Amino acid sequence: DIVLTQSPALAVSLGQRATISCKTSQNVDNYGISYMNWYQQKPGQQPKLLIYEGSNLASGIPVRFSGSGSGTDFTLTVDPVEPDDIANYCCQQSKDYPWTFGGGTKLELK
Amino acid sequence: QVTLKESGPGILQSSQTLSLTCSFSGFSLNTSGICVSWIRQPSGKGLEWLATICWEDSKGYNPSLKNRLTVSKDTSNNQAFLKITSVDSTDIAIYYCARNWEFYFDYWGQGVMVTVSS
């Protein structure tokens, strides 16, 4: 299985940039597409798709969210961080079955 | 508007079979490229993909649950189903169904909590 590793938490100030990383145990690129997706989850709620295929913004998601990276190293950036962005963020690969998720990074206020 | 909603027994006894239903609207499982997946999340832990069923009836299962999973669908009633046999305490979690569009989960249900008692 492809293992996705995220830092457990990241502290950030409102109005600043947050950079959340996800490292995979194997390359999740294929034919120029990064099979890496990002989700936001708030307590008591279901996950919400933010970014798909590495860098594509999902419908209705603010442009302050962006995704980048390739191969085994990926980043979700939130710039600038707003109060509503305090949540848990997790990455997910869909290159190989079983599809796997990272453990999540809790974005906290500094 | 795409919506999904999970339903299940809430609580069941160890060794029983868990049956979950995902009722959805706003899309059809007859549409090319559309799949419905099941994902679970134990309290305070990460997400685990369990199974997927697609428009042409292809299915995928997480090998970590070996042969305990069965996914099926009722296209005419816009429902998908998941069965997990021989449940135990490790199956206690919130269970989500989600629509797959290609290689990502673009819409999720609100989740249903499942507890297993011994």
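The sequence lines fix the lettering, A, B, ..., with proteins before strands; numbering per chain opens at 1. Quantities reported herein were computed from a predicted structural model and do not represent experimental measurements.
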For [X], which atoms come within 4.5 Å of any heavy atom of chain A: side chain, backbone, both, or neither?
X	answer
B:Tyr96	side chain
B:Leu50	neither
B:Gln41	side chain

Check your understanding: What orientation do A:Phe101 and B:Phe105 show, parallel under 30°, tilted 30 to 60°, or perpendicular over 60°?
Key ->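 Parallel, since the angle between the ring planes stays under 30°.
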**Study point:** Check: B:Asp106 side chain, A:Leu49 main-chain N or O, donor-acceptor pair, under 3.5 Å
**Key:**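 Checked: no pair found.
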Review point. Is there a side-chain contact between A:Trp99 and B:Phe103, using heavy atoms and a 4.5 Å cut-off?
Key: yes
Following the transitive rule for hydrophobic clusters with a side-chain heavy-atom cut-off under 4.5 Å over Ile, Leu, Val, Met, Phe, Trp and Tyr, establish whether [X] and [Y] coincide in one cluster.
X	Y	result
A:Leu76	A:Leu10	yes
A:Leu109	A:Leu107	yes
B:Ile92	B:Leu82	yes
B:Trp38	B:Val116	yes
B:Met113	B:Leu12	yes

Gap separating the [atom1] atom of [X] from the [atom2] atom of [Y], nearest 0.5 angstrom:
X	Y	atom1	atom2	result
A:Gln46	B:Ile39	CD	CD1	11.5 Å
B:Glu102	A:Tyr35	CD	OH	8.5 Å
A:Tyr52	B:Tyr104	OH	OH	4.5 Å
A:Gln41	B:Leu47	CD	CG	5.5 Å
A:Ser59	B:Tyr107	OG	OH	5.5 Å

Got a sec: does the [atom1] of [X] have more than 12 other heavy atoms crowding it under 6.0 Å?
X	atom1	result
A:Lys48	NZ	no
B:Lys83	NZ	no
A:Arg64	CZ	yes
B:Asn77	CG	yes

Exercise for review: Could you check which of A:Pro98, A:Pro43, A:Pro47 has the highest count of heavy-atom pairs closer than 4.5 Å to chain B?
Suggested key: A:Pro47
Check your understanding: Which region of A:Gln45, side chain (C-beta onward) or backbone (N, CA, C, O), has a non-hydrogen atom less than 4.5 Å from a non-hydrogen atom of chain B, or is it both or neither?
Key ->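 The backbone, not the side chain.
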Review point. How about A:Tyr39 and B:Trp108: are their ring centroids closer than 6.0 Å?
Key: yes
